[in-house]
2 protein chains.
Amino acid sequence: MEKLSKELIGASTIPIILSILSKNESYGYEIIQSVKEISDGKIEYGDGTLYPVLHKLERKELIESYWKIGESGKKRKYYKLSPNGKKELISEKENWAIINQIISKLWKIEPNLT
Amino acid sequence: MEKLSKELIGASTIPIILSILSKNESYGYEIIQSVKEISDGKIEYGDGTLYPVLHKLERKELIESYWKIGESGKKRKYYKLSPNGKKELISEKENWAIINQIISKLWKIEPNLT
DNA sequence: TTTTTATACATCGAACTTCTATGTATATTT
DNA sequence: AAATATACATAGAAGTTCGATGTATAAAAA
């Protein structure tokens, strides 16, 4: 079982995070676990990777945060999708559909690879 | 008609270039036109964007180049896929399939976006 | 009891990318 | 003769991911 390329990770990070937050409010550490689980271990964000992305998304006002003490007793920074974030997610889905169309068009006419 | 996001452009550039070269040998300027056409104008590489990518792919020995004077009389640097490049393209296709699976899993269970 | 592991967040610097701008040069069209 | 299209190249700015490092607390293990 292989890991994904850095480029694809990069392209998918924001839509994946927004998508997760569109279902449930969550916090950094949990998001890392969720993505790992959903992707069967194929995407494992380092914390040093994810936190700056969350900060960026908050700066761009696509997500909002608030502190909360979890059942564990440790403080967590919860994030939720903002109205702008919902719009952004819709746009990301459209983009994804477009690129898939382009790529599948290219790959449908099979070259001689074998 | 909108343009694609920078991130998706980034993730798709290499698979698209390799895919085009797997069908026909081509040169930088023509590749830019091809991609523009295939994508209905949604992907327009600047020359300052594409050429460094081609150089990188050549450095990594995924493509090979040779100079040729075209019918136009201008010299062109033609590129073709190397054996490594063919393998890489296969790998890129697999990666793309994996990420699509992950994303569609996330998006199948529809959140309340509307 | 003490140590380790898991949880939880943050930031820095290295390495790499894309993009815009700029430069060179030739052929074709106006 | 000038403008446009063709064709390639590189440098610098801006942005990104990632590994390393740091802080702190709770739970589990030794």
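Please read all numbers here as calculations on a predicted model, not as lab measurements. In the text below, chain A, chain B and the rest are named by the order of the sequence lines, each starting its count at 1.
Qualifying salt bridge (charged side-chain N to carboxylate O under 4.0 Å, His left out) partners for A:Lys36, counting only residues two or more places apart in sequence or in other chains: A:Glu44. Residues passing the side chain to side chain donor-acceptor pair (under 3.5 Å) test with B:Glu25, sequence neighbours excluded: B:Tyr66. Scanning for side chain to side chain donor-acceptor pair (under 3.5 Å) contacts around B:Ser82 gives an empty result, with sequence neighbours left out. The side chain to side chain donor-acceptor pair (under 3.5 Å) search around A:Glu92 returns none, not counting sequence neighbours. Taking B:Leu4 as the reference, A:Asn95, A:Ile98, A:Ile99, A:Ile102, B:Leu8, B:Ile9, B:Ile43 meet the side-chain contact (heavy atoms from CB on, under 4.5 Å) condition, with sequence neighbours excluded.
Sequence order on DNA chain D of the closest nucleotides to A:Lys6 and B:Gly48 puts B:Gly48 first from the 5' end. Closest-nucleotide positions on DNA chain C for A:Thr49 and A:Lys75 were compared, and the one nearer the 5' end corresponds to A:Lys75.
The OH-C1' distance, from B:Tyr78 to D:dC8, rounds to 14 Å in whole Å. When the P atom of D:dG19 is taken as reference, atom CD1 of A:Ile32 falls 12 Å away, rounded to whole Å. For the pair A:Asp47 CG and D:dT25 P, the interatomic distance rounds to 18 Å; values are reported in whole Å. If you measure from atom CZ of B:Arg76 to atom C1' of D:dA5, you get 12 Å, rounded to the nearest angstrom.
Taking the six-membered ring where tryptophan is involved, the planes of B:Trp107 and A:Trp96 are perpendicular, since the angle between them exceeds 60° and thus also 30°.
Within residues 55-70 of chain B, the residues having any heavy atom under 4.0 Å from DNA chain D are, by residue number, B:His55, B:Trp67. Of the residues in residues 8-15 of chain A, not one places a heavy atom less than 4.0 Å from an atom of DNA chain D.
In terms of phosphate contacts, B:Lys77 brings a side-chain nitrogen or oxygen within less than 4.0 Å of OP1 or OP2 of D:dA9. Remark: A:Tyr51 is in phosphate contact with C:dC9, judged by side-chain N or O atoms under 4.0 Å from OP1 or OP2. Contact annotation: B:Tyr29 reaches the phosphate of D:dT6 (side-chain N/O to OP1 or OP2, under 4.0 Å). Residue B:Tyr27 places at least one side-chain N or O under 4.0 Å from the OP1 or OP2 atom of D:dA7.
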For a quick check, with a 4.0 angstrom heavy-atom cut-off, what is the B/S/- contact string for nucleotides 25-30 of chain C, read 5' to 3'? -BSS--

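For the atom pair CD1 (B:Ile63) and CG (B:Leu89), the distance works out to 12.5 Å, reported to the nearest 0.5 Å.
Around CD of A:Gln33, the count of heavy atoms belonging to other residues, nucleotides or ligands within 6.0 Å exceeds 12. By the neighbour-count criterion of 12 heavy atoms within 6.0 Å, atom CD of A:Gln101 is sparsely surrounded, having that number or fewer from other residues, nucleotides or ligands.
With hydrogens and angles ignored, the 3.5 Å screen pairs a side-chain donor or acceptor of A:Lys105 with a backbone N or O of B:Ile38.
Listed by first and then second residue, the side chain to side chain donor-acceptor pair (under 3.5 Å) pairs that reach into residues 4-14 of chain A come to none, sequence neighbours excluded. For residues 46-58 of chain A, the set of pairs meeting the salt bridge (Lys or Arg N to Asp or Glu O under 4.0 Å) definition, not counting sequence neighbours, is empty. Judged as a salt bridge (Lys or Arg N to Asp or Glu O under 4.0 Å), the pairs with a partner in residues 72-84 of chain B (not counting sequence neighbours) are, in order, B:Glu71-B:Arg76.
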Pairing of DNA chain C as dot-bracket, 5' to 3': ( ) intra-strand, [ ] crossing, | other strand, . unpaired, with Watson-Crick or G-U pairs under 3.5 Å? ||||||||||||||||||||||||||||||

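Across B:Gly28 and B:Tyr51, no two heavy atoms sit closer than the pair CA-CE2, 3.8 Å.
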